[in-house]
J.: 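Here's a structure for you.
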Amino acid sequence: MELVILKDSEQVAAAGAEHLQDLLLNKPNAVLGLATGRTPKSMYRQLANLCKESSLSFRDVTTFNLDEYLGVQPNDAQSYRSTMRRELFDDIDIDPANTYLPECAADQNPLDVGPDYEAAILEKGGIDCQVLGIGQNGHIGFNEPSSSLNSRTRIKTLTRETIENNRQYFEDAESQPQLAITMGIATIMDARQILLLATGAAKAEAVRQSIEGAVSASCPASILQMHERVVVLLDEPAASKLARLDYYLWVQNQKRRLLAKIASD
Ligand code: GLP
């Protein structure tokens with residue numbers, strides 16, 4: 001796990017955008033796993049700006065989002081499809097046909113969505129880089145605590161805490177869905193690399209448990225300790241509860257020095 005601790009959320013967004021830009025320059029037809037939520041918003045803005053300046057193209061990119069509410073139709077303003085369009089898709093040169101979310105059409109059996117989504121990911125060759133945020137309870141996607149660490153894309157019931165945290169996006173409590181379809185934890189772990197972003201003090205405890213706690217279904221993000229290639233971008237408030245913070249900062253400095261030396265040799 002590579003931990004990068006940065007001053008604030010804007011630096012996290014810039015580092016995330018740079019990471020994805022490097023990936024797309026090396027592999028213009030990459031398959032990206034994307035997340036919604038407040039955390040990646042500013043990174044998406046920066047990616048859209050890079051695309052506008054022609055420093056980056058999504059022409060051959062395919063995306064798979066982590067999750068979607070069940071019972072919300074793609075055109076509804078609160079759907080994650082609409083959110084992704086507002087925050088990224090409408091401002092980049094991606095082919096909308098290459099943007100996937102685990103959506104359930106009105107006439108579709110919701111139980112079919114998960115297996116179909118897994119098959120679509122496989123058909124595109126798997127996810128090169130999965131972007132993740134983290135819930136205050138340690139969830140990734142909508143894999144709430146107690147989700148099987150071996151789970152696949154399926155329907156999940158949201159916790160009261162998650163419903164509460166996402167209430168602001170809905171006009172009234174009644175219209176807020178309590179079910180979602182989410183990539184499973186094993187689906188996420190299949191990605192060739194993972195880019196986790198966490199910002200703000202409200203995430204500090206979940207970050208500490210994920211990075212320094214035991215691997216446990218009680219904190220779904222802790223499974224990332226078992227992944228070979230994870231980059232975690234944190235701002236200082238999100239990193240504030242890490243017991244080994246000094247060590248992580250020292251490692252980060254050593255890496256910076258080494259890369260500067262290689263560049264000057
Ligand atoms: C949401 C989403 C997750 C997201 C997380 C954190 O409910 N399902 O994919 O990463 O919770 O959200 P935020 O970035 O708004 O804090």
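Note that ligands are numbered from 1 as they come in the structure, with each ligand's atoms numbered from 1 the same way. We use all heavy atoms of the structure for the numbers below, so side chains are in, but hydrogens, waters and symmetry mates are not.
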J.: Going by side chain to side chain donor-acceptor pair (under 3.5 Å), name the pairs with one or both residues in residues 118-130, residues two or more places apart or in two chains.
T.: Lys27-Asp128, Glu118-Arg152, Glu118-Thr153, Glu118-Thr187, Asp128-Arg192
J.: Taking Arg45 first and then Asp91, would you say they form a salt bridge - that is, a charged N and a carboxylate O separated by under 4.0 Å?
T.: yes
J.: Give every residue pair that meets the side chain to side chain donor-acceptor pair (under 3.5 Å) criterion with at least one member in residues 97-113, sequence neighbours excluded.
T.: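 Those involving residues 97-113 are Arg81-Thr99, Arg81-Glu103.
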J.: Hey, what's the ring geometry for Phe170 with Tyr69, parallel, tilted or perpendicular (30° and 60° as the breaks)?
T.: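 Because their plane-to-plane angle is over 60°, the rings of Phe170 and Tyr69 count as perpendicular.
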J.: Mind listing the N or O contacts between ligand 1 and protein, cut-off under 3.5 Å?
T.:
from: ligand 1; atom 1: 7 (O); to: Asn166; atom 2: ND2; distance (Å): 3.1
from: ligand 1; atom 1: 8 (N); to: Asp67; atom 2: OD2; distance (Å): 2.9
from: ligand 1; atom 1: 8 (N); to: Gly141; atom 2: O; distance (Å): 3.3
from: ligand 1; atom 1: 11 (O); to: His139; atom 2: NE2; distance (Å): 2.9
from: ligand 1; atom 1: 14 (O); to: Arg38; atom 2: N; distance (Å): 3.3
from: ligand 1; atom 1: 14 (O); to: Thr39; atom 2: N; distance (Å): 3.0
from: ligand 1; atom 1: 14 (O); to: Thr39; atom 2: OG1; distance (Å): 2.5
from: ligand 1; atom 1: 15 (O); to: Arg38; atom 2: N; distance (Å): 2.8
from: ligand 1; atom 1: 15 (O); to: Arg38; atom 2: NE; distance (Å): 3.1
from: ligand 1; atom 1: 15 (O); to: Arg38; atom 2: NH2; distance (Å): 3.4
from: ligand 1; atom 1: 16 (O); to: Lys203; atom 2: NZ; distance (Å): 2.6

J.: Mind checking salt bridge (Lys or Arg N to Asp or Glu O under 4.0 Å) for Glu18 and listing every partner two or more places apart, or none if nothing turns up?
T.: none
J.: Any salt bridge between Arg229 and Glu2, counting N to O under 4.0 Å?
T.: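 So Arg229 does not pair with Glu2 through a salt bridge.
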